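As the structure is a prediction and not an experimental result, all values here were calculated from the model. Just so we're on the same page: letters track the sequence lines, and every chain starts at 1.
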2 protein chains.
Amino acid sequence: MKNTIAVLKAIADDTRLKIIRLLLQHNYCVGALARRLELTEAAISQHLKVLREADLLVGERRGHFMHYDVDRKQLRALISEFEELAAIQREGCQPKKEGCMQKKREKCRVHESGKECPEEVRFACHGPRADEKENLHNGHCNCHES
Amino acid sequence: MKNTIAVLKAIADDTRLKIIRLLLQHNYCVGALARRLELTEAAISQHLKVLREADLLVGERRGHFMHYDVDRKQLRALISEFEELAAIQREGCQPKKEGCMQKKREKCRVHESGKECPEEVRFACHGPRADEKENLHNGHCNCHES
DNA sequence: CCTTTAATTAAGTAATTACTTAATTAAAGG
DNA sequence: CCTTTAATTAAGTAATTACTTAATTAAAGG
């Protein structure tokens with residue numbers, strides 16, 4: 001799936017979810033959708049555009065009328081993404097093995113002196129910065145509980 | 001699931017989806033999430049509130065720290081909702097059997113006279129109003145193609 | 001108690017979104 | 001061609017959202 005967030009945003013709207021439900025059942029034209037959902041055709045057209053750009057719909061012209069179909073492949077792709085998400089396992093925290101600096105954490109009383117946190121204790125107290133990926137255990141393990 | 005749209009809206013945000021991914025792996029406190037996502041704790045706290053109110057998270061206080069957990073039941077419930085959606089079958093349109101008024105449709109030239117659409121042809125031309133659920137075939141079948 | 005700390009809430013702002021009406025586009029068909 | 005029709009796009013608006021900084025709350029611990 002190209003852009004999961006765009007697909008989710010597209011589907012996370014009451015009107016658009018109703019449109020998807022309707023189009024899964026029948027091949028409604030834009031006017032029919034507008035009548036059923038009691039909105040203007042312009043509003044429906046704009047919603048259809050959002051869904052189309054998220055690859056959730058494919059449109060087909062039939063004479064004067066545009067008929068839209070749900071791309072069921074994309075729906076299934078979304079389900080797969082969620083299944084992958086739900087399958088993420090909890091990683092157990094092993095402070096000692098991973099070098100979590102429990103002791104240094106206790107030393108952090110920087111604000112008393114009004115000074116900047118010295119590098120020696122900054123990491124232990126405030127955890128890794130975005131660019132420090134090595135130690136992932138500050139802030140989420142039991143170090144805090146001591 | 002109580003409110004599918006609220007759950008979808010909660011999850012359909014880049015930052016919040018990242019929070020969910022992180023919390024599925026580890027028990028991060030709010031500050032740790034803020035550091036990793038390079039946002040203020042206030043911003044994270046507000047996102048956590050959205051997720052909490054969608055029942056996607058449960059929080060637990062540990063001393064000074066709040067630790068949040070993803071409610072995996074809710075994730076699975078969301079997957080079920082999507083599977084139900086994807087399982088909706090296309091209903092074939094049977095105009096004759098269902099009394100679709102193909103003939104009357106052709107008579108609709110109301111706008112020529114500048115008059116209101118007479119009730120006799122209104123339904124056929126413009127389809128059922130929201131309160132007319134009996135005939136679901138105007139606007140989505142091949143009637144238009146004739 | 002009093003101070004520190006982590007998290008939340010309040011207040012404000014810029015960007016986005018969901019609609020409206022009006023204008024435009026494009027196919028159908030005399 | 002010219003008109004009709006269905007759909008889309010343009011322009012504008014009110015509501016919502018994602019953030020910020022500042023103020024508040026609540027537990028921890030000397």
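Residue whose closest nucleotide on DNA chain C sits further toward the 5' end, between A/Ala12 and A/Ala42: A/Ala12. The nearest heavy atom of DNA chain D to A/Leu48 and to A/Lys9 marks one nucleotide each, and the one closer to the 5' end goes with A/Leu48.
Atom CG of B/Leu33 and atom P of C/dA6 are 14 Å apart (whole Å). Note: CG (A/Leu57) to P (D/dT8) measures 11 Å, nearest angstrom. Here C/dA23 presents its C1' atom at 15 Å from CD of A/Glu41, a figure rounded to the nearest Å. Here C/dA26 presents its C1' atom at 6 Å from CZ of A/Arg61, a figure rounded to the nearest Å. The CG atom of B/Asp14 sits 9 Å away from the P atom of D/dC19 (whole-angstrom rounding). As rounded to whole Å, 18 Å separates atom P of C/dT16 from atom NE2 of A/His47. The distance between atom NE2 of A/His67 and atom P of D/dA7, rounded to the nearest whole Å, is 7 Å. Atom CG in A/Asp13 sits roughly 9 Å away from atom C1' in C/dT17 (whole-Å rounding).
In this structure, D/dA14 and C/dT17 make a Watson-Crick or G-U wobble pair, each of the two defining distances being under 3.5 angstrom. Figure legend. C/dA23 is base-paired to D/dT8; pairs are counted as Watson-Crick or G-U wobble with both atom distances under 3.5 Å. Across every strand in view, C/dG29 sits in a pair with D/dC2 that passes the Watson-Crick or G-U test at under 3.5 angstrom.
Nearest nucleotide to the side chain of B/Arg16, out of D/dA7, D/dT21, D/dA18: D/dA18. The listed nucleotides are C/dT20, C/dA18, D/dA7; the one nearest the side chain of A/Leu39 is C/dT20.
For A/Tyr28 and D/dA7, the shortest distance from a side-chain N or O to OP1 or OP2 is not below 4.0 Å. Dashed line: the shortest gap from a side-chain N or O of B/Thr15 to OP1 or OP2 of D/dC19 is under 4.0 Å. Applying the 4.0 Å criterion to OP1 and OP2 of C/dA7, one finds that B/Arg52 has every side-chain N and O outside that range. A close approach under 4.0 Å does occur between a side-chain nitrogen or oxygen of A/Thr40 and OP1 or OP2 of C/dT20.
Minimum interatomic distance between A/Ala54 and A/Ala6 (heavy atoms only, all atoms of both residues): CB-O, 4.2 Å. Across every non-hydrogen atom of B/Val30 and B/Ser45, the tightest pair is CG1-N, 4.5 Å.
For a distance-only test at 3.5 Å, the side chain of B/Gln46 qualifies as a donor-acceptor partner of the base of D/dT20.
Counting heavy atoms from C-beta outward, A/Leu57 and A/Asp69 have side chains that stay 4.5 Å or more apart.
Linking ILVMFWY residues whenever their side-chain heavy atoms come closer than 4.5 Å, directly or via other members, leaves B/Val58 and B/Ile19 in distinct clusters.
Remark: B/Asp13 CG to B/Thr15 OG1 distance equals 5.0 Å, nearest 0.5 Å.
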